[in-house]
Number of protein chains: 4
Amino acid sequence: MGAVKSKRMPRAVREQQMLDAAVRTFGQRGYMAASMDEIAELAGVSKPLVYLYLNSKEDLFTACIRREARALTEAVRAGVRPGLAADRQLWDGLGAFFTHTGRNPDAWSVLHLQARTHGERFAAEAAAMREEIVAFVTELIVVAAREAHRDPDLAEGEVAGLAVALVGAAESLATWANATPGVTARQAAATLMNFAWAGLGNLMEGRPWSAPVMSDELSASGAVDVVHGA
Amino acid sequence: MGAVKSKRMPRAVREQQMLDAAVRTFGQRGYMAASMDEIAELAGVSKPLVYLYLNSKEDLFTACIRREARALTEAVRAGVRPGLAADRQLWDGLGAFFTHTGRNPDAWSVLHLQARTHGERFAAEAAAMREEIVAFVTELIVVAAREAHRDPDLAEGEVAGLAVALVGAAESLATWANATPGVTARQAAATLMNFAWAGLGNLMEGRPWSAPVMSDELSASGAVDVVHGA
Amino acid sequence: MGAVKSKRMPRAVREQQMLDAAVRTFGQRGYMAASMDEIAELAGVSKPLVYLYLNSKEDLFTACIRREARALTEAVRAGVRPGLAADRQLWDGLGAFFTHTGRNPDAWSVLHLQARTHGERFAAEAAAMREEIVAFVTELIVVAAREAHRDPDLAEGEVAGLAVALVGAAESLATWANATPGVTARQAAATLMNFAWAGLGNLMEGRPWSAPVMSDELSASGAVDVVHGA
Amino acid sequence: MGAVKSKRMPRAVREQQMLDAAVRTFGQRGYMAASMDEIAELAGVSKPLVYLYLNSKEDLFTACIRREARALTEAVRAGVRPGLAADRQLWDGLGAFFTHTGRNPDAWSVLHLQARTHGERFAAEAAAMREEIVAFVTELIVVAAREAHRDPDLAEGEVAGLAVALVGAAESLATWANATPGVTARQAAATLMNFAWAGLGNLMEGRPWSAPVMSDELSASGAVDVVHGA
DNA sequence: AATGAATGAGGCTTCATTCAT
DNA sequence: CATGAATGAAGCCTCATTCAT
């Protein structure tokens, strides 16, 4: 079972262990089906200690959402280098995104599914993160339009919709990749770049988007999978 | 209070009332937070009757998922005319999809959120519907490729990914449209067609996908909103 | 333990059984030490039924206070005949009071002790009853002054204090009588009438208040105890 | 926060701080609602230290009762000069009593309410003090009878009842005075002396008890309020 | 066809109390 | 002298579910 039971740890450490256990339990069982008993046991602690440090089931869940939202956004931010071209930034960001969601499937479940299905308070917490990502993508689209010498007669609402669509596609692919053995982060990112950048119309006619070399941390994952059309 | 309390109705009718109440309650409260008490009261029936007809909370939820999944897929199917070009079929299908989700937000919440967050059994039930839609889209993509005289050297997994991305984008837009006042089904469909068919790259360069006239039921909604680029 | 377990009773009856059990338990254990488990068992019912009918521990306690407060004030009211002289009314009222508290010691504990020691909400509930009794006594004092042809230059606050003192003395005697075997309601009433009406000063000088014949329901208790000085 | 946190104090001092905090907390929250956490924090000490010095919640509460009981009885004793007439002794004793309860409302709540509502053990502890006061009053009554040349054909039980009534009246007035702004210890004492010594009957006829000058510590309170009838 | 009455089981939360340092 | 870390036990409350009519 859970972590090795070593007594008397400083509070900060114990709190992280509890959050680890909680993310895992919430991710797998769902918020309501997860019991504080199970979480405490998985954390290798007694229930009262969980309450002493995290206050309540709601606060515990909120803490999980916050921690994982920050972790995800920072992973994406770390994967992107601001100076580069828009498509390159998107490619890098998607790579970081799929890598992170792939490595932390329970956290992804918490953020993408659980946080959105159990009350406004949690949904708002997760929506804040999503908005941050949508804003990042929106900015990329605007920049890309500028790069293409095409000042945005793309109406603002239009761009918002495009960003929502792109992010939704990414979320869908993340969940799909986690559930489908053999799909790598790189593949997911390539698929989405093709879809988003070239469009199905271009794809049909043999003009896909051509993928640049992946950023370091991703290529480290080892897979040298062929990107479609490359 | 729920429906007007009229005694002695045929079973089939009562069952639909119960499912109506259940979909509404599950959609708004969530599966676990919804209580059988509330559902029974909203349906204007006593609790034992709910159990007599629907057996258990799990079965009731399953019945909701099935009914709403069927309703959604049939709405989409009804919106599409098989003979037409692939993009036209997609456009019509998306129109029907967004129209239906917009008119039945609780059902959409049940299918897209609740069914996926409360255990494998329900998730599988909803996944079946999703697969049907993904299959429809996949077929469209293959057809489109064929139409473009470009026999699919699009690998099968590649097409699957594209379909998942497109469906995810649609789901994301549906939820976004439901939460954002002023966004019509037509707009959502147009945004997604631009995104999916033309690709951001083309959009940037001023070559959007051009929308055909909408199918009847949609134009009936009255809005004559301008589609980007049309 | 508890009442004979007979299933399926109408709600009103069950509620009274629950209140009986609750008054007994609260009176003997105290509000906080009383557990809902114990109350339910004593009532011969399962805990959920208690909650279904009485909502919460707080509401249950409030219901107890209200029922017993009403019972006590009505017992006193029923013992007094408005037309008679002030001292006679007080005598009758005290008789009814001590009889009731003697027969319902748990109820008396709930009203006099428990209700006042567990939060403003309950205290206010019990204070309402006490005020009613204090008002009754106050009125008697004013009437008595008028009877003695002595228009009240007794300041209003003065009378209030006297009433509070008299009621406090009665409460103290009630508790004392319940704890001291052999003290009857009649004796308690006589002691208090002597104390209150004659005053210690007069008593010392051999001029006690002379007790009239007791009202019916009290003499029914059988004891033919000698009233001091009679 | 409670007292200023200064480390390393002699045990006796720390204990008093803890008792101060406990009396305050028990008096305001009630015995059961008071948590050891709150008491420790208010005392500016860690919980284990409270246990080290006072053993348990029960022992802590007992210690509170004992300390405050002793403080109250000693205040009364200090207010009375044994040689004087009985009514004068009572007057002085009541003055000291109401002064003390007015200055220590939490202690009064602990003694009069909390100690009597949370189990025999505590009730007995408080009853001991009460008995001491009742005995004092009983003795006064006996002395008064003797002074009136009227050897007690007042039966012993009769006298006991009178003393209980008087003490109950005093307790009631103490609580009332604490809750009613503007009521001074002197007024409360005067009200009770009138009530007890003259009796309502005499009062009605314009023959109240006449108050002597107050003892020093009371007159220090400054108010030179007119005693009814003086 | 329909329901008022009833419950087993389980979850969240809090508390008095104790180690180990 | 003093405490941060930790827990067994127990209480309130709610829910899905059934029985007897």
Side-chain angles (χ1 to χ4, degrees), chain A residues 5-11 13-15 32-40 44-60, chain B residues 5 7-11 13-14 32-40 44-61, chain C residues 5-11 13-15 32-40 44-60, chain D residues 5 7-11 14 32-40 44-60:
Chain A
K5 209 170 185 174
S6 64
K7 304 244 160 169
R8 302 269 147 185
M9 329 222 348
R11 172 167 179 157
V13 176
R14 268 279 137 88
E15 271 189 21
M32 303 231 67
S35 84
M36 294 299 273
D37 268 297
E38 185 176 0
I39 292 172
V45 193
S46 74
K47 234 187 322 172
L49 201 60
V50 178
Y51 279 89
L52 188 62
Y53 287 173
L54 277 314
N55 282 324
S56 70
K57 195 181 187 185
E58 287 206 351
D59 282 5
L60 173 57
Chain B
K5 210 170 185 176
K7 307 238 159 177
R8 306 271 150 184
M9 328 218 355
R11 169 161 183 160
V13 177
R14 270 274 197 263
M32 303 232 69
S35 80
M36 295 298 274
D37 270 293
E38 189 177 357
I39 292 171
V45 192
S46 76
K47 238 185 322 174
L49 199 60
V50 178
Y51 279 88
L52 186 62
Y53 287 176
L54 276 317
N55 276 323
S56 72
K57 194 182 188 186
E58 290 207 345
D59 284 3
L60 173 58
F61 191 43
Chain C
K5 210 170 185 176
S6 64
K7 304 244 161 172
R8 301 271 146 184
M9 329 225 345
R11 172 167 179 157
V13 176
R14 268 281 138 87
E15 271 188 21
M32 304 231 66
S35 84
M36 294 299 273
D37 268 297
E38 186 177 359
I39 292 172
V45 193
S46 75
K47 228 184 331 170
L49 201 59
V50 178
Y51 279 90
L52 188 61
Y53 287 173
L54 277 315
N55 282 325
S56 71
K57 194 182 187 183
E58 288 206 350
D59 283 5
L60 173 58
Chain D
K5 211 170 185 174
K7 306 238 163 178
R8 305 271 150 184
M9 327 219 354
R11 170 163 180 160
R14 269 277 142 85
M32 302 233 70
S35 80
M36 296 297 274
D37 270 292
E38 188 177 358
I39 292 171
V45 192
S46 77
K47 239 187 319 176
L49 199 58
V50 177
Y51 278 89
L52 187 60
Y53 286 176
L54 277 315
N55 276 326
S56 71
K57 195 184 188 184
E58 290 207 345
D59 284 3
L60 173 57

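Values below: all heavy atoms of this structure, side chains included; hydrogens, waters and symmetry mates excluded. Residue numbering restarts at 1 for every chain, and letters A, B, ... go by the order of the sequence lines. Owing to the predicted nature of the structure, the values given are computational and were not obtained by experimental measurement.
- One distance of note links CG of C/L52 with CZ of C/R11; it measures 6.0 Å at 0.5 Å rounding.
- Atom OH in D/Y51 sits 8.0 Å away from atom NZ in D/K57 (nearest 0.5 Å).
- When the side-chain nitrogen and oxygen atoms of D/R14 are compared with OP1 and OP2 of F/dA2, one or more of them lie within a distance under 4.0 Å.
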Scan nucleotides 14-18 of chain F against the protein and return all N/O pairs shorter than 3.5 Å with their distances rounded to 0.1 Å.
from   : atom 1 : to    : atom 2 : distance (Å)
F/dA16 : OP1    : B/A34 : O      : 3.2
F/dA16 : OP1    : B/K57 : NZ     : 2.6
F/dA16 : OP2    : B/M36 : N      : 3.0
F/dT17 : OP2    : B/Y51 : OH     : 3.2
F/dT17 : OP2    : B/K57 : N      : 2.8
F/dT17 : O4     : B/K47 : NZ     : 2.6

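- Residue A/A40 comes nearest to A/S46 through the heavy atom pair CB-C, 4.1 Å, listed as atom of the first residue, atom of the second, then distance.
- Spacing between atom CG of B/L49 and atom P of F/dC19 amounts to 17 Å, rounded to whole angstrom units.
- Figure legend. F/dT3 is base-paired to E/dA20; pairs are counted as Watson-Crick or G-U wobble with both atom distances under 3.5 Å.
- Counting non-hydrogen atoms under 4.0 angstrom, A/R11 reaches the backbone sugars and phosphates but no base.
- A distance of 11.0 Å separates CD1 of A/I39 from NZ of A/K47, quoted to the nearest 0.5 Å.
- Between the CG atom of B/D59 and the OG atom of B/S56 there is a distance of 3.5 Å, given to the nearest 0.5 Å.
- Rounded to whole Å, atom P of E/dA6 lies 11 Å from atom CD of C/E15.
- Between the CZ atom of A/R8 and the CZ atom of A/R14 there is a distance of 10.0 Å, given to the nearest 0.5 Å.
- Protein atom CE of C/M9 is 14 Å distant from nucleotide atom P of F/dT21, rounded to whole Å.
- Pairing partner, E/dG10: F/dC13, with both Watson-Crick or wobble hydrogen-bond distances short of 3.5 Å.
- In this structure, the CD atom of A/E38 is 9 Å from the P atom of E/dG11, given to the nearest Å.
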